[in-house]
Asks: 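Once you've had a glance at the structure underneath, I'll fire off some questions.
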There are 2 protein chains.
Amino acid sequence: MFTKGNLFENYRKGAATIARSTIGKIRGTYDQLSRTEKKVAQLALDNPAVVSEMTIKELASATGVSTATISRFVKRMDYSNYREFTMALAHTAAEMTPQQNSFPELAEGDSLATIANKTFRFSINSLRATNEALNEDDLARAVIKIINAKTVAFFGLGGSAVAALDGYHKFLRTPLNVTYHPDYDIQLMQAARMTAQDCAIVISHSGRNHETLEIVRELKRNGVAIIVITSYSGSELAQAAAVTFLSLTDEVKYRSEGMYSLISQMTILDSLFMMTVLRSSSRTKPVLTRVRDVIEQTRYDS
Amino acid sequence: MFTKGNLFENYRKGAATIARSTIGKIRGTYDQLSRTEKKVAQLALDNPAVVSEMTIKELASATGVSTATISRFVKRMDYSNYREFTMALAHTAAEMTPQQNSFPELAEGDSLATIANKTFRFSINSLRATNEALNEDDLARAVIKIINAKTVAFFGLGGSAVAALDGYHKFLRTPLNVTYHPDYDIQLMQAARMTAQDCAIVISHSGRNHETLEIVRELKRNGVAIIVITSYSGSELAQAAAVTFLSLTDEVKYRSEGMYSLISQMTILDSLFMMTVLRSSSRTKPVLTRVRDVIEQTRYDS
DNA sequence: TATTATATGAAAAGAAGTTTCACATTTCAA
DNA sequence: TTGAAATGTGAAACTTCTTTTCATATAATA
């Protein structure tokens, strides 16, 4: 009977014997082949990808030889059957196709699928870059401030409103006292009401938006602990923060893609959320079961 | 009779439809599958390379189901026969770099940095899975509906409100007539006002939220073109849609992470946005400069 | 609870692939 | 040159693999 274990064993054994590429094998034995077998070999060399998808009958009629000859041919090539041969051929054919460029840029002839692929690739690259830029000290300081805050308020305008709303939404699932409102004036009033016991999470792509800076000045005046999520470490906003997290994109030259930094910002918030939950409740419940519970409870219900 | 010419034609035709990876396909239809079919799907997802080398009988005994069921399963996956399925599976297995596909789970001793790393990894995996499940036909149909719509309205409640807001925000940068309101009652009224000339983009993680379904029924009654973004292809919501996009996470068994599907949903919206902009304005300006301009214009200003 | 739809495996039917066998061609020694 | 041996080949028998049919079981629905 089949079990996972011996499946893998079989696979390993199989893989180990594939030392030479199929095409190499054919080339190597080519001139030892008979006249009819050469016809088969030639077609396989010319279009490995096509041949790999043919049945033995199709290949027979395509080359004008009998199926028997082909069956013998693949055995001579050291495959145990025709199926194994076509699989190996497909493998080599796939390897020969050129690998994609790791950095995508949208270009003229792009098909819809390509546009989508590049968009996803860009997002993934941004996440990777952002992740690499995180450091544990910052995370620790941020979590402490969040856990100990009387109130945690989210601030974000324009495009960053989405991230702020998301953060608010996530942290609603914790026992913390959280607040967010999309309107600028109300955000400003909220900032004015906060104290040194509170924590503010401010999200701004450029870090230069006037309204956001106004809010930060108000927060600072009140001694509120400020956690900033932005894409520019040099901005006035970043300077004012107790802790700054950077959302980055892979390539520096792309200077105007708040679009991609948004998901990085959200994933930073996600990380803060997970850390907060795991740390703040670690007295009450064993962690392992708790993680599941947390995820279950925090399910988005729509 | 077979000639070189029509061989290639056949091949091209075949290749064009392979927009979606096999694994993506399986993930995309996973929850529409029956109990036994899921066993087959699971094994194929877990060890695609191994399964791709098995005969239908071997796979049958490895999963404990009948060969008949497997044959039906591959047809449901849209392959014309078992052979084609294993070939495609081998293809994707070869393309997958095994290194990055290990799946992180939050565990007891995790340091803050580890929690953050795993969170990012999880997000990246979700994006990758979502990307693999996209197919070009769906993209094309969606873009056509969006471009030709009199009004494009976004719908999303609860956690998906964030994605809907984000979509609205993005498409505000296009010349299209867009609308979104966070409040359920207003969304319902909006749905009632729409006609067959309009397009609705409905976002819902589970696809089972009652309010969202109510909105969709209203939309359907009015003949509105519905584009759905959800995580469950089998949901009533997905059934009602003209086009459905799936936001997926890496592992099918983790069934409660609307958190990670959110950024996948947003990246799908991002893709639709880029495609819409590039396609709808292609008459007026040369594309290459336009891409830059678009990104520049769509800058998030906060 | 009766009825309809759906799911499933056993087995028949149908394809695909391999081996056998008879015949053709080539090689080579006498 | 000629006949025996060796090799190459395809038709057809045979085996193995895959698909379809059909009867039954199970779940969903009225």
Side-chain angles (χ1 to χ4, degrees), chain A residues 1-2 7 10 14 22 26 29-44 48 50-90, chain B residues 1-2 7 10-11 14 22 26 29-44 50-90 207-208 213 232-236 238-239:
Chain A
M1 198 230 156
F2 262 105
L7 277 184
N10 290 341
T22 314
I26 299 177
T29 30
Y30 188 83
D31 47 34
Q32 296 166 41
L33 298 173
S34 71
R35 186 179 46 78
T36 40
E37 284 177 328
K38 273 182 183 151
K39 284 196 273 184
V40 180
Q42 196 60 58
L43 193 62
V50 180
V51 171
S52 75
E53 300 194 341
M54 295 166 99
T55 66
I56 199 169
K57 274 190 192 167
E58 285 170 343
L59 182 54
S61 63
T63 52
V65 306
S66 71
T67 62
T69 299
I70 292 172
S71 183
R72 282 188 292 260
F73 165 75
V74 303
K75 295 233 157 66
R76 197 194 280 232
M77 288 292 134
D78 225 35
Y79 295 98
S80 63
N81 55 42
Y82 181 75
R83 210 178 115 86
E84 196 176 274
F85 166 77
T86 52
M87 296 289 295
L89 198 58
Chain B
M1 198 224 153
F2 262 104
L7 278 184
N10 289 341
Y11 181 57
T22 313
I26 299 176
T29 29
Y30 189 84
D31 52 34
Q32 291 172 49
L33 298 175
S34 69
R35 186 178 46 77
T36 42
E37 284 176 328
K38 272 183 183 147
K39 285 196 271 184
V40 180
Q42 196 62 59
L43 193 63
V50 180
V51 170
S52 75
E53 301 193 341
M54 295 165 102
T55 66
I56 201 169
K57 270 191 193 168
E58 287 170 341
L59 182 54
S61 64
T63 52
V65 308
S66 69
T67 61
T69 300
I70 292 172
S71 182
R72 282 189 292 256
F73 165 76
V74 302
K75 295 236 158 62
R76 198 194 277 231
M77 288 294 132
D78 226 35
Y79 294 98
S80 61
N81 55 42
Y82 181 75
R83 200 168 177 282
E84 194 177 300
F85 167 76
T86 52
M87 296 290 296
L89 197 58
R208 294 189 198 87
L213 287 173
Y232 297 85
S233 57
S235 63
E236 182 187 337
Q239 308 301 328

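Values in this document were obtained by computation on a predicted structure and should not be read as measured data. Letters A, B, ... mirror the listed sequences (proteins, then strands); counts begin at 1.
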Asks: Whole-Å distance between C/dG17 C1' and B/K57 NZ?
Replies: 13 Å
Asks: Between A/S71 and C/dG17, does any side-chain N or O lie under 4.0 Å from OP1 or OP2?
Replies: no
Asks: Counting just side-chain N and O atoms, does B/K75 come under 4.0 Å of either OP1 or OP2 of D/dT20?
Replies: yes
Asks: Considering every strand and a 4.0 Å limit on heavy-atom distances, what is the contact class for A/T69: base, sugar-phosphate, or nothing?
Replies: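 Sugar-phosphate, backbone atoms only, no base.
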Asks: When you match A/R83 and A/G64 each to their closest nucleotide on DNA chain D, which lands nearer the 5' end?
Replies: A/G64
Asks: Please tell me if B/S34 has a side-chain N or O lying less than 4.0 Å from either OP1 or OP2 of C/dT8.
Replies: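 Yes, because at least one side-chain N or O of B/S34 sits under 4.0 Å from OP1 or OP2 of C/dT8.
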Asks: If I take atom CG in residue B/N81 and atom P in nucleotide D/dT19, what distance separates them, rounded to the nearest angstrom?
Replies: 5 Å
Asks: Below 4.5 Å, heavy atoms only, C-beta onward: do A/T67 and A/Y82 meet side chain to side chain?
Replies: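 Heavy-atom side-chain distance check fails, nothing below 4.5 Å.
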Asks: At 4.0 Å (heavy atoms only), tell me whether A/T55 reaches a base, stays on the sugar-phosphate, or touches nothing.
Replies: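 Sugar-phosphate, no base atom in range.
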Asks: Starting at OH of A/Y79 and ending at P of C/dG17, how long is that distance when rounded to a whole Å?
Replies: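 So the OH-P distance, A/Y79 to C/dG17, works out to 16 Å.
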Asks: With a 3.5 Å cut-off and heavy atoms only, can you find an N or O donor on one side and an acceptor on the other between the side chain of B/R72 and the base of C/dG9?
Replies: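 Looking at the base of C/dG9, it does pair with a donor or acceptor on the side chain of B/R72 (distance under 3.5 Å).
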Asks: What side-chain donor-acceptor pairs closer than 3.5 Å can you find for residues 68-75 of chain B, not counting sequence neighbours?
Replies:
from  : atom 1 : to    : atom 2 : distance (Å)
B/T69 : OG1    : B/S66 : OG     : 3.1

Asks: Taking the side chain as C-beta and beyond, is there a heavy-atom pair between A/T86 and B/R83 under 4.5 Å?
Replies: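 In short, these two side chains touch, coming nearer than 4.5 Å.
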Asks: Is it true that A/E37 and A/R76 have a side-chain N and a carboxylate O under 4.0 angstrom from each other?
Replies: yes
